[in-house]
*Asks:* 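Sharing a structure with you now.
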2 protein chains.
Amino acid sequence: MSVTIKDVAKAANVAPSTVSRVIANNPRISERTKVKVREAMDQLGYHPNFIARSLANQSTQVIGLVTPGSSDVFFQNPFFPTVLRGLNEGAHEHQYALQLVTGKNEEDIYNGVVQMVQGGRVDGVVLLYSKVEDRILSYLQERNFPFVMIGKPYKMPESITHVDNDNIQAGFDATEFLIGIGHERIAFVGGDNKLVVTVERLEGYKEALKKAGLPYHPRYTVHETFLLEGGKDAICALMELPENERPTALLVTDDLMSLGVLNTLSELDMTVPEDISIISFNNVLFSEMSRPPLTSVDINIFQLGYEASSQLIKRVEHKDEPHHRITVPHHIIARFSTEYVKK
Amino acid sequence: MSVTIKDVAKAANVAPSTVSRVIANNPRISERTKVKVREAMDQLGYHPNFIARSLANQSTQVIGLVTPGSSDVFFQNPFFPTVLRGLNEGAHEHQYALQLVTGKNEEDIYNGVVQMVQGGRVDGVVLLYSKVEDRILSYLQERNFPFVMIGKPYKMPESITHVDNDNIQAGFDATEFLIGIGHERIAFVGGDNKLVVTVERLEGYKEALKKAGLPYHPRYTVHETFLLEGGKDAICALMELPENERPTALLVTDDLMSLGVLNTLSELDMTVPEDISIISFNNVLFSEMSRPPLTSVDINIFQLGYEASSQLIKRVEHKDEPHHRITVPHHIIARFSTEYVKK
DNA sequence: TTGTAGGCGTTATCAA
DNA sequence: TTGATAACGCCTACAA
């Protein structure tokens, strides 16, 4: 079929093992035979068979990517392409390939992970999410299989290598930004409150209010999913408050939601930022394409991915690496959805 | 290390080959031993090793995904997540996994493909693009390696299995839609004119003009890349035309570009659709999130992906399948960026 | 119906 | 510095 190490060996008049050593660039092979073997390889158009190599080595140079619950939804999230870019870059630098776990629901994905792991298809795994009570996480820990998480583990963060933003600080900074331009009635519009990110950003929000001596009103806190329509109901409810209680600014924990919010506001005939300011999170590609362009907390999604695959490869190659937490910095990109409050 | 077929064999008091046959559910194995073996498997927590199986079978159950030139840019394209979803679904139905070719430039990707293919990492490949003079395409054809293309091959479409929209028809329909609501000066804002899609949609546009007896003005045709800022210059140039020559409608071949166009127009103080109508292509997620929501030609991106992986698997499993062209239907989603022309 | 043995293409150990 | 040879875990004639 394909040209193998044996064919090369014959052509070069050496043993297969010698060819193997040439491939590995083993220093104890004479330059002369190296050259000879390499010539033969070129002539025959030899390429090593990864599968055979994997079997012999017990290592595949492949990283598995695990998406949360339903991949479908996750793929839609503008977070995904960018984090994938980062993962890709980190993997590519070390000659690793990326493989996706396929599946439409949690059960599917769980089985996919088990197959990947036990089937020896991948050397390690990146979890692209963090959630409470995760079977996959427990499974990987039990088997002591190398993995890295993007986001903050719900528990035992010190025994799980993970890369994450300081989301408390990010929530704090965003809120302080609004306070700094004069806002006092600030509402928090967050995603699924089972996600650690949401909880943390909310915490930062509260801290900033406290520090500024502003009251925290639970009714100023709404949780919606990250999906598109999410925002609508939440916003309407807030905007129906009497004028002197209505928030003058919104902190929205996801750009996609912000888009929804923007549309809802426009339907309610409210102008951003004149009537109400918005600060958003993630700073994905289209944050600057909306009208008005969104002030958003850039969380360096690319770097999140890049660090994740780099760290994972480190773990795979040195199984005794201690667990790390990598904190990726964030910074606010001020655009045109925020403005000094009108008194 | 891990539990293998041999361990199971011992535990069940049979030969390894018997275990192997049980896994394959070979009918010539007695029910009794099947049960016995399966029990042993469960007890030991056996999972077949994919790598070993791949080596023995010469088949990996993995599909390689090849992105155009720079993956980075492609990942950003909102086309990508949806097509990936489709690919994922098609692959998952047949228990195939997806692997990405990593690389940042054409050279990188080419090498990645060669490694994947010669390295026996994948059973087949999906090309997520179609372009002129493609090394990767030639390479795959030369080696007679199973692949499927999304988009229309630049040449020899009858000897390449591909899944695509009828883009000429789509361009035609979109243009006719505008003509149908009274527009006569319609400009074509297209992406990279080396891409087959662009060329075809342009062709459809011309045909529709012709059919309606409207003149085709080359200056009404602008080509920009699919990138965000793309639109700006092109649009300004058009809008600087004297009022009675200025187009009243734009046909923009990509939603992302449309977003850019929308912003540019808003900077020029032109209102959509009152001052100018826009019909867009692809109908990606955020088409309805823009302001105004875009009238867009839905090209069924999901199905494009789904068909691609399904077809590929068919080819992989029956090497003698004849080449197909799968045409995925499109339809216009009318939203609020198009309006009857003001006379 | 089941077992034996060789092979898939590498790598790694041990001799030479 | 190189060559035999035995793994790696599974599949599949061929034999029994």
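A note on names: the letters A, B, ... follow the listed sequences, proteins ahead of strands, and every chain is numbered from 1.
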*Asks:* For B:Asp164, enumerate each residue passing the salt bridge (Lys or Arg N to Asp or Glu O under 4.0 Å) test, keeping only those at least two apart in sequence or located in another chain.
*Replies:* B:Arg325
*Asks:* Output the rounded distance in Å from CD (B:Gln118) to P (C:dC8).
*Replies:* 18 Å
*Asks:* Reckon B:Ser54 touches a base, only the sugar-phosphate, or nothing at all at heavy-atom distances under 4.0 Å?
*Replies:* nothing
*Asks:* Is B:Lys131 salt-bridged to B:Glu106, cutoff N-O under 4.0 Å?
*Replies:* yes
*Asks:* Check the distance between D:dC8's C1' and A:Ile51's CD1 and give it to me in whole angstrom.
*Replies:* 13 Å
*Asks:* Supply the atom-to-atom distance A:His94 NE2 to A:Glu89 CD, rounded to the nearest 0.5 angstrom.
*Replies:* 10.0 Å
*Asks:* How would you list, by chain and number, every residue that makes a side chain to side chain donor-acceptor pair (under 3.5 Å) with B:Arg21, sequence neighbours excluded?
*Replies:* B:Ser17
*Asks:* Is the Lys NZ or Arg CZ of B:Arg85 less than 6.0 Å from the centre of A:Phe75's six-membered ring, within 45° of the axis?
*Replies:* no
*Asks:* In whole angstrom, give the distance that lies between atom NZ of B:Lys34 and atom P of C:dT1.
*Replies:* 9 Å
*Asks:* Just the rounded figure in Å: distance from P of D:dT12 to CD1 of B:Ile29.
*Replies:* 13 Å
*Asks:* Report yes if a side-chain nitrogen or oxygen of B:Gln58 is closer than 4.0 Å to either non-bridging phosphate oxygen (OP1 or OP2) of D:dC11; otherwise report no.
*Replies:* no
*Asks:* If you compare every side-chain N and O of A:Thr18 against the phosphate oxygens of D:dT2 (OP1, OP2), does one of them come in below 4.0 Å?
*Replies:* no
*Asks:* Sort and list the pairs that fulfil ring pair (Phe, Tyr, Trp, His ring centres under 6.0 Å) and have at least one residue in residues 16-41 of chain A, not counting sequence neighbours.
*Replies:* none
*Asks:* Without decimals, in angstroms, what is the distance between A:Leu44 CG and C:dG9 C1'?
*Replies:* 15 Å
*Asks:* What one-letter contact string describes nucleotides 10-16 of chain C from 5' to 3', where B marks a base within less than 4.0 Å of any protein heavy atom, S marks contact via sugar-phosphate atoms alone, and - marks no contact?
*Replies:* BBBB---
*Asks:* Could you state the atom-to-atom distance from CE of B:Met41 to P of D:dG9 in whole Å?
*Replies:* 17 Å
*Asks:* Which one of A:His324, A:Arg315, A:Gln311 satisfies the side chain to side chain donor-acceptor pair (under 3.5 Å) criterion with A:Thr161?
*Replies:* A:Arg315
*Asks:* Over its full length, what angle do the end axes of the helix from C:dT1-D:dA16 to C:dA16-D:dT1 make, each axis taken from five pairs and the result rounded to 10 degrees?
*Replies:* 40°
*Asks:* By ring pair (Phe, Tyr, Trp, His ring centres under 6.0 Å), which residues pair with B:Tyr46, not counting sequence neighbours?
*Replies:* none
*Asks:* Contact between A:Pro81 and A:Leu84 at the side-chain level, heavy atoms closer than 4.5 Å - yes or no?
*Replies:* no
*Asks:* Specify the separation, in whole Å, of atom CG of B:Leu55 and atom C1' of D:dC11.
*Replies:* 10 Å
